[in-house]
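Just so you know, these numbers use all the heavy atoms, side chains as well, and skip hydrogens, waters and symmetry mates. Computed from a predicted structure; not experimentally measured.
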Amino acid sequence: MATKIYIVYYSTWGHVATLAEEMKKGADSVPGVEVTVWRVPETLPEEVLGKMHAAPGREDHPVITASQLAEADGILFGFPTRFGMMAAQMKAFFDSTGGLWQAQSLSGKPAGVFFATGTQGGGQETTALTAVTQLTHHGMLFVPVGYTHGAGMFAMDEVKGGSPYGAGTFAGADGSRVPSDAELALAAHQGKYFAGIAKKLKIIFSGADLHNSRQL
């Protein structure tokens, strides 16, 4: 059976959605992996979104419900930063997963994060660190990208988002900056890297379950 990877995001101006698409490209390159991109429900009224000049929701990315998370073998969560933490829309989505927490439906599943911030000091790392608390309470296995992307992560010749915690981009204070080639490359790499780990974990867990069933 294919390893199911869900990429679940919230995006205001489209930056996180763009990273999500690059992650999918990377994950799709891993044989035996099935990738679906989802967006979380919006919590703001259209009038407010209009005043924020928010990008319209991607119709090719269906809106996910909390219960659907249990179907995935691994999940990548993406969101913009709000004062060094995840956006309220993503937090509201996590707040709706109480039933999954009670049943431990997400326990043992690998998870990763990616994000967009307005400025270089806007929370590229604090957003990831505070997001880990959500994964921890669910018993999920946090999979950071580390420095597995190689030399590009050490280059200092351009401004770029992303960190060992996950891929990232800078949107600019007004949202006018678009993800750079370097940022997109890290996102694609993270998707491929994460999918490979999720696939290995599924094989290990499936083997353990089969062994245990034979012992009974």
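The CZ atom of R39 sits 10.5 Å away from the OH atom of Y10 when rounded to the nearest 0.5 Å. Note that CG of L135 and CG of L106 are 9.5 Å apart. Values are rounded to the nearest 0.5 Å. Atom CD1 of residue I7 and atom CE of residue M23 lie 7.0 Å apart, to the nearest 0.5 angstrom. The CG atom of L69 sits 8.0 Å away from the OG atom of S96 when rounded to the nearest 0.5 Å. Residue W13 holds its CH2 atom at 6.5 Å from CG of D174, rounded to the nearest 0.5 Å. One distance of note links OG1 of T36 with CD1 of I75; it measures 11.5 Å at 0.5 Å rounding.
Between R58 and V37, the closest side-chain pair of non-hydrogen atoms is not below 4.5 Å. No side-chain heavy atom of K4 sits under 4.5 Å from any side-chain heavy atom of K202. Contact check for L44 versus Q89: side-chain heavy atoms found under the 4.5 Å cut-off. D60 has its side chain within reach of E21: a pair of non-hydrogen atoms, C-beta onward, lies under 4.5 Å apart.
Neither F79 nor V145 shares a network with the other; the hydrophobic side chains, linked directly or stepwise wherever heavy atoms of I, L, V, M, F, W or Y lie under 4.5 Å apart, form separate groups for each. In the hydrophobic clustering of this structure, V30 groups with F205; members are Ile, Leu, Val, Met, Phe, Trp, Tyr whose side-chain heavy atoms approach within less than 4.5 Å, directly or through other members. In terms of hydrophobic clustering, with Ile, Leu, Val, Met, Phe, Trp and Tyr side chains grouped at heavy-atom distances under 4.5 Å, F142 and M90 are assigned to a common cluster. Residues L184 and F115 do not share a hydrophobic cluster, defined by chaining ILVMFWY side chains whose heavy atoms lie under 4.5 Å apart. Both L186 and Y147 are members of a single hydrophobic cluster when ILVMFWY side chains are connected at heavy-atom separations under 4.5 Å.
A ring-centre distance under 6.0 Å is found for F77 and F94.
In the displayed structure, K192 atom NZ is contacted under 6.0 Å by at most 12 heavy atoms of other residues, nucleotides or ligands. Applying the 6.0 Å contact sphere to CD of E46 captures no more than 12 heavy atoms from other residues, nucleotides or ligands. Within a 6.0 Å radius of CE in M85, no more than 12 heavy atoms belonging to other residues, nucleotides or ligands are found.
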Carefully, step by step, assess Q134 and M86 under the rule side-chain contact (heavy atoms from CB on, under 4.5 Å). CA-CA 11 Å; Q134 314 295 314; M86 67 173 63; 3.9 Å; yes
Full working for side-chain contact (heavy atoms from CB on, under 4.5 Å) between I64 and F93: CA-CA 9 Å; I64 194 170; F93 180 71; 3.7 Å; yes
side-chain contact (heavy atoms from CB on, under 4.5 Å) between F170 and E183, intermediate numbers included: CA-CA 9 Å; F170 297 122; E183 292 167 341; 4.0 Å; yes
Step by step, would you call L201 with K109 a side-chain contact (heavy atoms from CB on, under 4.5 Å)? CA-CA 9 Å; L201 287 174; K109 293 181 186 290; over 6 Å; no
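Taking the six-membered ring where the residue is Trp, H61 and Y9 present perpendicular rings, their angle passing 60° and hence far from 30°.
Of all heavy-atom pairs between S67 and L100, the closest is CA-CD2, 4.3 Å. Across all their heavy atoms, G14 and A55 have their closest contact at N-CB, 4.1 Å. Across F194 and G112, no two heavy atoms sit closer than the pair CE1-N, 3.7 Å. Residues Q68 and V63 share a closest heavy-atom pair of OE1-O, 4.2 Å. Between T43 and A92, the shortest heavy-atom distance links the atoms CG2-CB, 4.1 Å. Summarising the geometry of A167 relative to Q190, their closest heavy-atom pair is N-OE1, 2.7 Å, with the distance given to 0.1 Å.
Listed for the E34 side chain is no donor-acceptor partner under 3.5 Å among the backbone atoms of A2.
A salt bridge links E22 with K25: the closest approach of a Lys/Arg side-chain nitrogen to an acidic carboxylate oxygen falls below 4.0 angstrom. A salt bridge links K51 with E47; the closest basic N to acidic carboxylate O contact falls under 4.0 Å.
Of the residues listed (T119, T117, T169), the one engaging Q124 in a side-chain hydrogen bond (donor to acceptor under 3.5 Å, both in side chains) is T117, and it is the only one.
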